[in-house]
Amino acid sequence: MAQGIANGLSAGFLDRERIVADPSFNRWLVPPAALCVHLCIGQAYAFSVFNLPMSKLIGITQSAPGDWKLTELGWIFSIAIVFLGLSAAFGGTWLDRVGPRKAMFTAACCFGGGFLVSALGVYLHQLWIIYLGYGVLGGCGLGLGYISPVKTLISWFPDRPGMATGMAIMGFGGGAFIASPLSVWLMSHFSTPTHIGVAETFIVLGIIYFIFMSIGASIVRVPPEGWAPRGYTAPAQPRRLVTTENVHVDEALKTPQFYLLWAVLCLNVTAGIGVLGQASAMSQEMFPGRITPVAAAGFVGLLSLFNMVGRFFWASTSDYIGRKATYMVFFVLGMILYAAVPTTGKVGSIVLFVLFYGIIMSMYGGGFATIPAYLKDIFGVRYVGAIHGRLLTAWSVAGVLGPVLVNYIREYQLGHGVAKADAYTVTMYIMAGLLFVGFLCNLLMRPVESRHHMTLEESRA
């Protein structure tokens, strides 16, 4: 009986009806709640710090015959990104129904639990358990956590939807700044001459992330029906690509606008994530003898900073110039910068190389942060969470396509006698070509035809 009461209280606390804000609630508490989640799941960008230690769990100082290979360990992150896209796609409709608190708490259970299951996999030295833990369970936590605050933020900030989502999604880009040094410190704390402290680190991280994500879930609130910020009135004549209607998530999939935006996100992310994964090696090979491994590591950290700041800057900018215009900047400026990168290597300018890639990474992050507001403009607020979730399958595709293009083209170039310093030239031109296709897709964006809009009766249902 006691268990039943506890379950009832727990369910009640997580129900959507329990998180409707009262008139005294401050809407500026919602972005910190979202950040509690996004700063935690942003750890995914720092997972690579575990790859080398996990390749020496038996040998300790160097890989032994029974240790896992780096190629095998690389699949952990790839599986997590695939399940991020899948869980976001299939969980978006559920999120719209149950509300952000239950979704954020579920994400906390999945993401924190993924670390605990992975710790068991390390302890038993069973890689498939880590695939299941961090890859599948943790990946589901990534997807649900990523989309859970989006609609809520847009609802609380109808006057600045880009800025609001940018503040939260900025946390995903910056989570690695916390996770990377914390993970390294924990592993050194738990390690001994005969043991690498990966399992213990996983346990501590799983508990920490569960707690902080749960705090975010407890803080979040949804606005009451019909709420608007004080002094705000919706424009009588909205901009051409900003609708006041709503499109059902299933109906959105029948529109060309959904697939154009899917391609826009996929192509922007493919170009960015491809070079992000090879940034360290690329900088050293394009400037041999001038950029050391330590300097290259600093370069990667700087790119992460541009990635994080770009999410807030570009999403906020889109509130003023519009989402379509913002993506036009991404694609046009991106084409110019990608095509110019090989020249920076030829003239030996490290400053221009770093500057160009910093701007590229800011637009990579900005693309993630701007897309929820773009979806809201095109399809309305009602199902923006579910539509955003399905659109994130573009991230899953780009997460595989980008690194494959960069890595295999580089290997092909090297295999045909091209110098390492020049091996990325063709890749950069191909990335510029992808951005040109994205430019055309964005150029084709038009308002959704009225036949796809929900009727008044459907909106009230």
Side-chain angles (χ1 to χ4, degrees), residues 85 89 162 239-243 247 251-276 310-311 313-315 317-343 356-357 359-379 384 387-388 390-406 408-409 424-449 451-452:
R239 285 182 291 188
R240 185 166 178 267
L241 275 179
V242 180
T243 184
V247 179
E251 191 67 23
L253 298 182
K254 301 175 183 178
T255 67
Q257 284 82 356
F258 176 86
Y259 298 99
L260 287 172
L261 286 179
W262 191 98
V264 161
L265 181 64
C266 183
L267 292 165
N268 188 60
V269 173
T270 296
I273 205 169
V275 297
L276 185 61
R311 292 170 186 247
F313 172 78
W314 289 112
T317 300
S318 75
D319 286 329
Y320 296 98
I321 68 173
R323 323 305 167 193
K324 184 175 182 178
T326 302
Y327 267 96
M328 286 299 186
V329 173
F330 292 164
F331 291 126
V332 173
L333 184 56
M335 283 187 284
I336 295 171
L337 293 177
Y338 272 107
V341 162
T343 303
F356 288 177
Y357 266 117
I359 297 172
I360 286 170
M361 281 301 109
S362 79
M363 296 188 294
Y364 163 76
F368 280 117
T370 305
I371 203 69
Y374 206 162
L375 291 170
K376 172 259 179 191
D377 290 349
I378 299 297
F379 299 108
V384 67
I387 297 171
H388 183 223
R390 298 192 183 185
L391 195 83
L392 286 181
T393 53
W395 188 0
S396 297
V397 173
V400 175
L401 183 60
V404 166
L405 280 174
V406 172
Y408 280 89
I409 293 173
Y424 297 98
T425 300
V426 173
T427 303
M428 294 303 102
Y429 293 153
I430 290 176
M431 294 302 176
L434 292 179
L435 291 180
F436 178 70
V437 177
F439 170 84
L440 295 178
C441 292
N442 190 51
L443 189 65
L444 292 172
M445 283 300 299
R446 299 288 186 274
V448 172
E449 293 183 15
R451 62 188 176 90
H452 296 292

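Model, not experiment: these values are computed from the prediction. FYI, side chains are in, hydrogens and waters are out, and symmetry mates aren't considered; it's all heavy atoms of this structure.
Of all non-hydrogen atoms in A369 and R311, the two that sit nearest each other are CB-O, 3.1 Å. Here the closest heavy-atom approach between residue V242 and residue K376 is recorded as CG1-NZ, 4.3 Å. Heavy atoms only, all atoms of each residue included: C266 and V397 are closest at SG-CG1, 4.0 Å. Taking every heavy atom of both residues into account, G334 and L435 meet most closely at C-CD1, 3.5 Å. Here the closest non-hydrogen pair linking A394 and L265 is CB-CD2, 4.2 Å. Between S318 and G162, the closest heavy-atom pair is OG-CA, 4.2 Å.
Contacts of Q257 classified as side chain to side chain donor-acceptor pair (under 3.5 Å), with partners at least two apart in sequence or in another chain: none. Residues satisfying the ring pair (Phe, Tyr, Trp, His ring centres under 6.0 Å) test with W395, not counting sequence neighbours, are Y146, F172, F368. Scanning for side chain to side chain contact (heavy atoms under 4.5 Å, CB included) contacts around P256 gives an empty result, with sequence neighbours left out.
The side-chain heavy atoms of L337 and I359, taken from C-beta on, include a pair separated by under 4.5 Å. Counting only heavy atoms from C-beta outward, the side chains of Y374 and N442 approach each other to under 4.5 Å. Residues M445 and I378 have side chains in contact (heavy-atom distance under 4.5 Å, counting atoms from C-beta outward). Within the 4.5 Å cutoff, the side chain of L267 has no heavy atoms near those of the F436 side chain.
Here CG of L261 is found 5.0 Å from CD1 of I371. Values are rounded to the nearest 0.5 Å. C441 contributes atom SG, which lies 10.5 Å from atom CH2 of W262 (distance to the nearest 0.5 angstrom). In this structure, I336 CD1 and I360 CD1 are separated by 11.0 Å, a value rounded to the nearest 0.5 Å.
Between W314 and T326, the side chains place no donor N or O within less than 3.5 Å of an acceptor N or O (distance only, hydrogens not considered). In this model, no donor atom of one side chain and acceptor atom of the other lie less than 3.5 Å apart for T370 and R323.
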Could you walk me through whether V264 and F439 pass the side-chain contact (heavy atoms from CB on, under 4.5 Å) check?
CA-CA 8 Å; V264 161; F439 170 84; over 6 Å; no
Is there a side-chain contact (heavy atoms from CB on, under 4.5 Å) between V448 and T243 once you walk through the steps?
CA-CA 8 Å; V448 172; T243 184; over 6 Å; no
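Side-chain atoms of Y338 do not come within 3.5 Å of backbone N or O of L333 as any donor-acceptor pair. When atom types are taken as modelled, the side chain of R446 and the backbone of L443 share a donor-acceptor pair closer than 3.5 angstrom.
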